[in-house]
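Remember, it's 1-based here, ligands and their atoms both numbered in the order they're listed. None of these values were measured; they are calculated from a predicted model.
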Amino acid sequence: MSQAQYKRVMLKLSGEMLGGERGFGIEGDALQFVAREIADIQKLGVEVAIVIGGGNIWRGSRASGWDMDRANADYMGMLATVINSLALQGILETKYNVYSRVMTAIHMQELAEPYIRRKAIKHLAKGRVVIFAGGTGNPYFTTDTAASLRAREVSAEVILKATKVDGIYDRDPHKFPNAVKFDELTYFDVISKKLNVMDATAITMCMEAGIPIRVFKLGEAGCVLRAITGEVGGTLVR
Ligand code: UDP
């Protein structure tokens, strides 16, 4: 088996990944699939940090349709990420024997540790999977930005951004069959071409820290492992 290229990685999953075909709520098989992928790389000795979104439950952008204040709706979204994080932790530990910690940006000590950077680094160094929940703890941000921020804070070497397609295309490949995939891009390309991969705040954070982003498809078994051994193409932003 090829060797992992990285010692410490940040895996960014969107909430939809837990929702299976429907992309809504939490679906058992989808949750198990994601957990198994994580267990596989953790057993290789890779230190795994995770940020998981909440879009399978709630997104702050729904606020306008509900006549709701955006900040309020964003806090709901942040809580949705906590539900997903606890679901992932539960299955990682019970089914796959992988020790993990959920650390929240919004304090809720009864169910998870508050985020403390030095503690997070310690957990990672001890081989525990650390799941950062609650986004950045601030409204008007995304979990992509939370992933970039935490990756930088804990010195992750790469962000592995799992998506439904196998990389970044010039247009939506679901709508345009002749869309062209990029193998490699600069951070600036992503921003200037307005490529829909991560929001500009998240990209800028990675650019400043020089953290590469590998965008790959969460599809077949072993895809996360292949993303860290470099066997899966996807698109590399650096
Ligand atoms: N959110 C927020 N601040 C953050 C991160 C997330 O307010 O730092 C809210 C925002 O409403 C967002 C929701 O949480 O829509 C869920 O996160 P996201 O949309 O990034 O999830 P994903 O699309 O990755 O599932």
(request) Could you list the atoms of ligand 1 found under 4.0 angstrom from a heavy atom of Gly53? (result) 21 (O), 22 (P), 24 (O), 25 (O)
(request) Check if Pro139 has a non-hydrogen atom at a distance under 4.0 Å from any atom of ligand 1. (result) yes
(message) Give me the residue, atom name and distance of the protein heavy atom closest to atom 5 (C) of ligand 1.
(response) Thr142 C, 3.4 Å
(message) Hydrogens and angles aside, do Asn84 and Thr81 bring a side-chain donor and acceptor to less than 3.5 Å of each other?
(response) no
(message) Counting only heavy atoms not in Lys95 (residues, nucleotides, ligands), do more than 12 fall under 6.0 Å from its NZ?
(response) no
(message) I'd like to check whether Thr143 has a polar contact with ligand 1, where a contact means an N/O of the residue lying under 3.5 Å from an N/O of the ligand.
(response) yes
(message) Leu124: which residues meet the side chain to side chain contact (heavy atoms under 4.5 Å, CB included) condition with it, sequence neighbours left out?
(response) Arg8, Glu47, Ala49, Val130, Val154
(message) Is it true that, when you exclude Gln109 itself, more than 12 heavy atoms of the residues, nucleotides or ligands shown sit nearer than 6.0 Å to its CD?
(response) yes
(request) Check the surroundings of atom CZ in Arg238: do more than 12 heavy atoms from other residues, nucleotides or ligands lie under 6.0 Å from it? (result) no
(message) Taking 4.0 angstrom as the limit and counting only heavy atoms of Gly55, give me the atoms of ligand 1 inside it, by number and element.
(response) 21 (O), 22 (P), 25 (O)
(request) Could you tell me the residue and atom name of the protein heavy atom closest to atom 13 (C) of ligand 1, and the distance to it rounded to 0.1 Å? (result) Gly77 CA, 3.6 Å
(message) Suppose we measure from atom 7 (O) of ligand 1 to each protein heavy atom; which comes out shortest, and what is that distance?
(response) Asp74 CB, 3.1 Å
(request) Flag the pair Glu113 / Val102 as yes when at least one side-chain heavy-atom distance between them is below 4.5 Å, and no otherwise. (result) no
(request) Considering heavy atoms of the protein only, find what lies nearest to atom 15 (O) of ligand 1 and give residue, atom and distance to 0.1 Å. (result) Gly60 N, 3.1 Å
(message) Geometry only, no angles: is Gly134 polar-contacting ligand 1 at N/O separations under 3.5 Å?
(response) no
(request) Could you tell me whether some N/O pair between Thr136 and ligand 1 is separated by less than 3.5 angstrom? (result) yes
(request) Around atom 1 (N) of ligand 1, find the nearest protein heavy atom and jot down its residue, atom name and distance. (result) Phe141 O, 3.4 Å
(request) Assess whether atom CG of Asp189 is packed by more than 12 heavy atoms of other residues, nucleotides or ligands within 6.0 Å. (result) yes
(request) State whether the number of non-hydrogen atoms from other residues, nucleotides or ligands found under 6.0 Å of Lys43 atom NZ is greater than 12. (result) yes
(request) Would you mind running through ligand 1 and noting each atom that sits below 4.0 Å from a heavy atom of Ser14? (result) 24 (O), 25 (O)
(request) For Ala200, check side chain to side chain contact (heavy atoms under 4.5 Å, CB included) against everything at least two apart and list the hits. (result) none
(request) Answer yes or no: does an N/O atom from Gly54 fall short of 3.5 Å to an N/O atom of ligand 1? (result) yes
(request) Kindly confirm or rule out an N or O of Ala73 lying under 3.5 angstrom from an N or O of ligand 1. (result) no
(request) Run the salt-bridge test on Asp74 and Arg70 with the 4.0 Å N-O cut-off and return the result as yes or no. (result) yes
(request) Under 4.0 Å from a heavy atom of Gly135: give me the atoms of ligand 1 that qualify, with their elements. (result) 4 (C), 5 (C), 8 (O)
(request) Assess whether atom OH of Tyr140 is packed by more than 12 heavy atoms of other residues, nucleotides or ligands within 6.0 Å. (result) yes
(request) Looking only at protein heavy atoms, identify the closest one to atom 19 (O) of ligand 1 and say how far it is in Å. (result) Arg59 NE, 3.4 Å
(request) Would you check if there is a donor-acceptor pair between the side chains of Thr145 and Asp199 at a distance under 3.5 Å? (result) yes
(request) Would you check whether Tyr75 has a nitrogen or oxygen atom less than 3.5 angstrom from a nitrogen or oxygen atom of ligand 1? (result) no
(request) Could you tell me whether Lys12 and ligand 1 have an N or O pair separated by under 3.5 Å? (result) yes
(message) Polar contacts were defined as any N/O atom of the residue lying under 3.5 Å from an N/O atom of the ligand; does this apply to Leu13 and ligand 1?
(response) no
(message) Would Asn138 count as a polar contact of ligand 1, with the cut-off being nitrogen or oxygen pairs under 3.5 Å?
(response) yes
